[in-house]
Structure formats: C-alpha cells, structure tokens
Amino acid sequence: MPYFLGIDIGTTSTKAIAITPDGQQLAIARAAYPTLSPQSVYQEQEPQALLQAVISVLKEVTKQTEARPEAISLSCAMHSLIVLDPSGQPLTNAILWSDRRSARQASQLRASGEGTALYEATGTPIHPMSPLCKLRWLQEEAPTLFQQAARFVSIKEYILLQLCQVHAVDYSIASATGLMDIQTLKWHAPALAYAGIREDQLSPLVSPTHLLALKSKALPDNLQNVPVAAGANDGCLANLGALALSPEEWVLTIGTSGAIRRTSQASIVEPEAQIFNYRLDERYLVSGGATNNGGIAFEWLGKLLGQERLSEAAAKKIPAGSEGLLFLPYLLGERAPIWDASATGAFLGLRLNHSPAHLHRAVLEGVAFSLYHIAESMPAKPVQLIANGGFTHSPLWVQIIADVFGIPVRVDEQEEASARGAAFVAMKAVGAIEDYEALLPLRKFSRQYQPDLEKHRLYLDDFEAYKDVYRSRATR
Ligand code: ADP
C-alpha cells in the first residue's frame with residue numbers, strides 16, 4: 001500500500017509514522033537519545049546520535065511496511081544550533097532550545113529597542129532559546145570557535161546534509177532562529193549583524209515542500225533516491241497534523257510543558273508578551289506562546305505527595321476554584337506571557353480543610369490559568385480548542401480547560417501530531433494533495449467537552465486573583 005513517512009526529531013526521541021493517502025497509520029517507530037548537560041545551564045545532544053536515530057526509524061518503518069515510502073518529510077524541534085567546520089564536520093554538539101547559556105545576551109537585547117525591532121521582524125521572542133542569542137554568546141564567550149565556524153546549522157539541516165548531501169533550511173525552522181524576516185522570507189540583515197555572522201554561513205532558504213532525495217551510504221539500497229520534502233518545525237507541524245488551519249480553532253497542548261497556537265495568514269505582534277510568529281509555510285503563520293510549566297507541575301505534585309494519594313475522582317469532587325486554593329505554576333520560571341525566569345510557584349489560600357485532592361485540582365487549574373494568560377495577551381480569540389498532549393489522559397483537566405476558556409474543547413484522536421503534519425507536507429510536496437484543506441475529512445476527535453458557563457464566570461474571577469498574586473510577588 002502506498003504510504004508517506006513523517007519523521008519528528010523531538011527533544012527526547014525521534015518518531016516516524018507511515019500513513020496512507022487516506023490517513024491510516026501503517027507503522028510507527030521510535031528511537032531515543034540522551035540530553036547532555038556538561039554545565040548546569042547547558043543542554044546539548046550529539047549530532048551523530050540524532051542522525052543514527054533518524055536512520056534507525058527509517059529502517060524500522062520500512063521493515064514494518066515492507067515497502068519504500070512515496071515521500072518523506074521532517075519535523076524537528078525548534079531553536080537548535082550546531083557549528084560546522086569547512087568540511088561539514090560538527091565543531092559543537094547540537095545546542096538545544098532549553099540551553100540557557102545565553103541568558104545575559106538575551107536579557108540585554110530584550111531590554112533594548114533593537115530587541116523589540118528584531119522580535120517584530122523575525123517573529124521569534126528574544127530569549128536564550130533563540131539561535132540569535134546563542135550566536136551572540138558564541139561571538140562574545142567562545143571567540144576562537146566562532147572564528148573557526150564555516151557554517152551555523154540546525155539539527156534538521158545537519159540531518160538533511162548527511163542524508164541528502166544538500167545544504168538547505170526550510171522557512172519554518174529558519175523562522176524560529178530569530179534570523180529570518182517572516183514577511184520577506186529572507187535572512188534579516190540586522191539580525192545577522194547583531195549575531196556577527198555572514199549570510200554565506202547560513203543555509204539557502206527553501207519552501208517546506210522543496211524536494212530533495214535520499215542519497216546516503218548509511219541507508220539501504222531500497223531507500224536511495226526516495227523524495228524528501230524539507231518539512232517544517234514541530235510546533236507548526238503540530239497544528240498542521242491536527243489540521244487546525246482556521247484562525248478560530250486553536251491548538252492547546254500540555255505535555256511536560258505547554259503551548260497554545262493559532263494558525264492564520266497574519267502575524268500577532270505583541271512586544272510585551274512576545275507572542276511568537278513562526279512560519280508553517282509561505283501561506284500560513286503559527287502564532288502563540290509556550291509555558292514552561294505544563295504536565296511537569298502535576299508530576300511534581302505526584303512526587304511530592306506520592307502518586308497513590310492523587311485521584312482524579314477525588315479531585316473532580318472538589319468544587320471549581322478548589323475552595324479558595326490558588327496555584328501559581330511557575331516551578332521552572334516562565335516564558336509567555338510574563339517572560340520571567342525568576343518567577344516561582346506558590347499555593348495561596350491554604351486552610352486546614354484542604355486535602356491532596358484540593359492541591360491536585362488547584363494544580364490543574366493553575367496550569368489552565370497560565371495558558372489562558374497567554375491567550376488573553378493575544379488580540380484574537382479562539383472559538384474552540386483542539387487539545388493534544390499527555391494531559392488529554394485526564395478528562396478532568398480537559399474539562400477545566402473548557403471551563404476556564406469558556407469554549408468547547410475537542411480532543412485530537414491522533415497522537416504524534418508533528419510527525420503526522422510532516423507526512424502531510426510530504427503528500428503536498430509530491431502532488432498527492434493539492435492543499436492541506438483536502439485532508440480535513442480525515443479529522444477524528446475522540447471526545448468533545450462543552451464549557452460550564454457558570455464555572456467559567458467563577459474562573460474569570462479566580463484568574464484576576466491569579467494575575468494579581470503574580471504581580472504583587474514580582475514587585476516585592
Ligand atoms: P512530552 O511529549 O512533553 O514528554 P507528554 O505529551 O507525553 O509529554 O505528556 C506528559 C504529561 O502528561 C505528564 O507530565 C503528565 O502531567 C500528563 N499526564 C499524563 N497522564 C495524565 C493523567 N492521567 N492525569 C494528569 N496528567 C497526565
């Protein structure tokens with residue numbers, strides 16, 4: 001049976017899914033790799049380990065399907081940076097989005113007018129995650145290495161170079177570097193000047209549907225010359241994989257962290273909240289914000305109290321608002337919309353009658369408030385939400401999201417939305433579909449949650465208290 005292969009190079013593992021033209025999943029494979037932290041704020045991965053994972057899932061899926069794919073495309077985590085020497089050999093590990101070595105450069109740039117102008121042109125928040133700030137760090141803190149660098153690439157570009165022997169970067173990955181103008185789709189000269197690099201040190205920009213071909217001795221003969229579409233970044237492809245292409249229908253994800261994202265043809269420029277605007281392709285932009293504190297806050301509570309003391313049924317019995325208990329989820333500082341690395345978590349309003357179930361419910365509500373806070377800082381509003389990520393295993397949590405936002409939430413039945421989105425790009429690149437809208441009949445939702453408008457009104461009051469508490473603590 002003909003199939004398309006979407007490969008998602010994530011932060012903990014690479015996943016590949018094979019799907020047929022009518023959306024059926026034929027096979028799935030996964031290969032994990034470690035994240036290295038040679039210094040406390042460093043977060044790195046070995047380029048070779050990332051490459052081996054892609055090769056391994058490619059071989060595994062073609063073994064399961066016993067056929068070669070019609071086409072492949074790649075999804076990849078955003079914001080990575082690898083320094084290459086003139087022969088294309090890495091001089092560094094892949095420096096990940098979560099690496100914080102450039103915190104000083106980011107905070108100086110953010111406080112300046114130049115930072116605001118760069119955010120507006122490139123769509124990427126000014127933050128240590130951004131390759132823009134990482135490059136400035138290299139220039140200032142590792143000048144010898146910086147001088148030796150022939151090229152600066154992302155993980156995806158490194159993989160494409162190894163497997164297709166071509167230097168190319170899709171608009172979507174490039175739009176998350178802080179170095180590309182999201183309107184003209186060209187490298188942004190003022191950003192390159194700030195980073196201290198030349199355009200010939202970056203890859204040529206290509207469309208996500210730009211076709212390359214597999215050409216690598218590391219791959220078996222039956223995979224040689226299979227078409228490879230350049231693909232896009234994992235955040236944008238998570239929206240495409242959910243086929244959330246209308247500006248009214250936003251995607252809300254809670255995994256370890258969390259995000260809320262809108263797909264449309266217009267950007268949302270909010271210098272205060274630094275709403276991101278990343279390119280899915282020439283037509284679509286994905287705008288939104290990410291929180292550091294998603295499922296990890298629930299995991300933290302489970303470890304603290306003992307997992308056996310947390311029961312969804314008990315938390316469900318607690319009234320909305322957790323009987324006066326409010327949780328600020330900033331256990332890992334926070335990104336959007338407050339951009340405060342020093343923010344801390346808190347339980348407020350504790351009373352003798354509060355039980356583990358109250359704490360459980362308050363944590364779910366606090367994370368919901370943090371995502372609502374991002375949405376509130378965007379001028380557009382969603383009419384409904386598509387939910388995905390590990391939190392969808394908790395019907396209570398999804399219901400709380402519906403009640404806090406006051407709009408219906410549908411749970412995406414498909415897992416691995418980014419890999420699926422990549423497979424859709426492969427379909428478009430070889431002309432199997434004219435446009436992504438042709439795939440809309442394939443959408444499947446497992447559950448739908450309606451908001452309780454009375455609880456919504458109550459939550460709006462609690463949300464005001466949530467913001468007041470953060471503001472008063474931040475100015476202390
Ligand atoms: P990632 O892809 O970021 O590693 P996942 O999408 O697998 O994360 O989601 C993991 C998160 O899902 C966990 O941090 C956990 O909080 C949440 N989760 C999973 N199952 C449940 C559940 N039954 N109740 C509440 N949260 C859950």
Side-chain angles (χ1 to χ4, degrees), residues 6-17 28 30-35 43 45 53 75-79 96-98 129 233-235 237-239 241-242 251-261 288 290-318 322 327 329-332 335 345 356-371 385-404 409 411-422 446-447 449:
I7 300 180
D8 176 33
I9 306 163
T11 304
T12 52
S13 67
T14 285
K15 291 134 279 187
I17 63 166
I28 182 159
R30 185 186 297 262
Y33 28 77
T35 295
Q43 295 274 292
Q45 278 164 347
S75 161
C76 190
M78 294 181 250
H79 312 303
L96 304 185
W97 62 272
S98 48
M129 69 187 179
N233 73 50
D234 60 351
L237 287 174
N239 274 33
V251 178
L252 184 142
T253 307
I254 304 178
T256 309
S257 56
I260 182 157
R261 295 181 300 263
T291 162
N292 289 343
N293 305 289
I296 198 154
F298 176 69
E299 279 179 38
W300 165 80
L301 188 71
K303 280 191 201 127
L304 198 71
L305 298 182
Q307 202 63 51
E308 67 291 349
R309 302 197 62 187
L310 295 184
S311 130
E312 171 123 346
K316 197 173 167 196
K317 286 198 193 122
I318 307 296
S322 303
F327 177 65
Y330 308 132
L331 302 173
L332 286 171
R335 284 184 278 168
H358 288 85
L359 272 65
H360 181 167
R361 185 169 187 119
V363 165
L364 308 190
E365 291 174 341
V367 174
F369 288 145
S370 76
L371 285 153
L385 295 172
I386 297 180
N388 58 29
F391 94 111
T392 56
H393 295 293
S394 161
L396 172 63
W397 207 346
V398 184
Q399 184 63 55
I400 288 172
I401 293 286
D403 295 343
V404 167
V409 181
V411 174
D412 197 357
E413 192 177 88
Q414 322 282 352
E415 301 219 339
E416 307 303 348
S418 300
R420 211 174 160 75
S446 53
R447 282 166 289 147
Y449 295 77

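Computed from a predicted model, the values in this text were never measured in an experiment. All values below were derived from every heavy atom in this structure, side-chain atoms included, with hydrogens, water molecules and symmetry-related copies excluded. Just so you know, ligand 1 is whichever comes first in the structure, and atom 1 is the first atom listed for that ligand.
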Please report which non-hydrogen protein atom sits nearest to atom 19 (C) of ligand 1, along with the residue it belongs to and the distance in Å to one decimal place.
G390 O, 3.3 Å

Could you check atom 24 (N) of ligand 1 against the protein and tell me its nearest heavy-atom contact, residue, atom and distance included?
S394 CB, 3.3 Å

Could you go through Y33 and I9, starting from their C-alpha distance and side-chain angles, then the distance that decides it, and tell me whether this counts as side chain to side chain contact (heavy atoms under 4.5 Å, CB included)?
CA-CA 11 Å; Y33 28 77; I9 306 163; 3.8 Å; yes

F391 vs I400 side-chain heavy atoms within contact, under 4.5 Å:
no

Given the options N388, T392, T253, D412 meets side chain to side chain contact (heavy atoms under 4.5 Å, CB included) only with N388

Just jot down the ligand 1 atoms closer than 4.0 angstrom to any heavy atom of G389, in number order.
6 (O)

Side chain to side chain contact (heavy atoms under 4.5 Å, CB included), paired with I401, selected from I260, V367, I254
I254

So, regarding E299 and ligand 1 (criterion: nitrogen or oxygen to nitrogen or oxygen, under 3.5 Å), is there a contact or not?
yes

List the closest protein heavy-atom neighbour of atom 25 (C) of ligand 1: residue, atom name, distance to the nearest 0.1 Å.
F298 CE2, 3.3 Å

Within a distance of under 4.0 Å, is there any protein heavy atom near atom 2 (O) of ligand 1?
no

Is the shortest side-chain heavy-atom distance between R361 and L396 below 4.5 Å?
yes

Taking 4.0 angstrom as the limit and counting only heavy atoms of W397, give me the atoms of ligand 1 inside it, by number and element.
25 (C), 26 (N)

Select the closest option to atom 16 (O) of ligand 1 among P395, G295, G258, judged by heavy-atom distance.
G295

Between Y330 and S370, does any side-chain donor sit less than 3.5 Å from a side-chain acceptor?
no

What is the closest protein heavy atom to atom 4 (O) of ligand 1, and at what distance does it sit?
T256 OG1, 3.2 Å

Are any of the N/O atoms on E312, whether in the backbone or the side chain, positioned under 3.5 angstrom from an N/O atom of ligand 1?
no

Before accepting this row, confirm whether a basic side-chain N of the pair E416/R30 lies closer than 4.0 Å to the acidic partner's carboxylate O.
yes

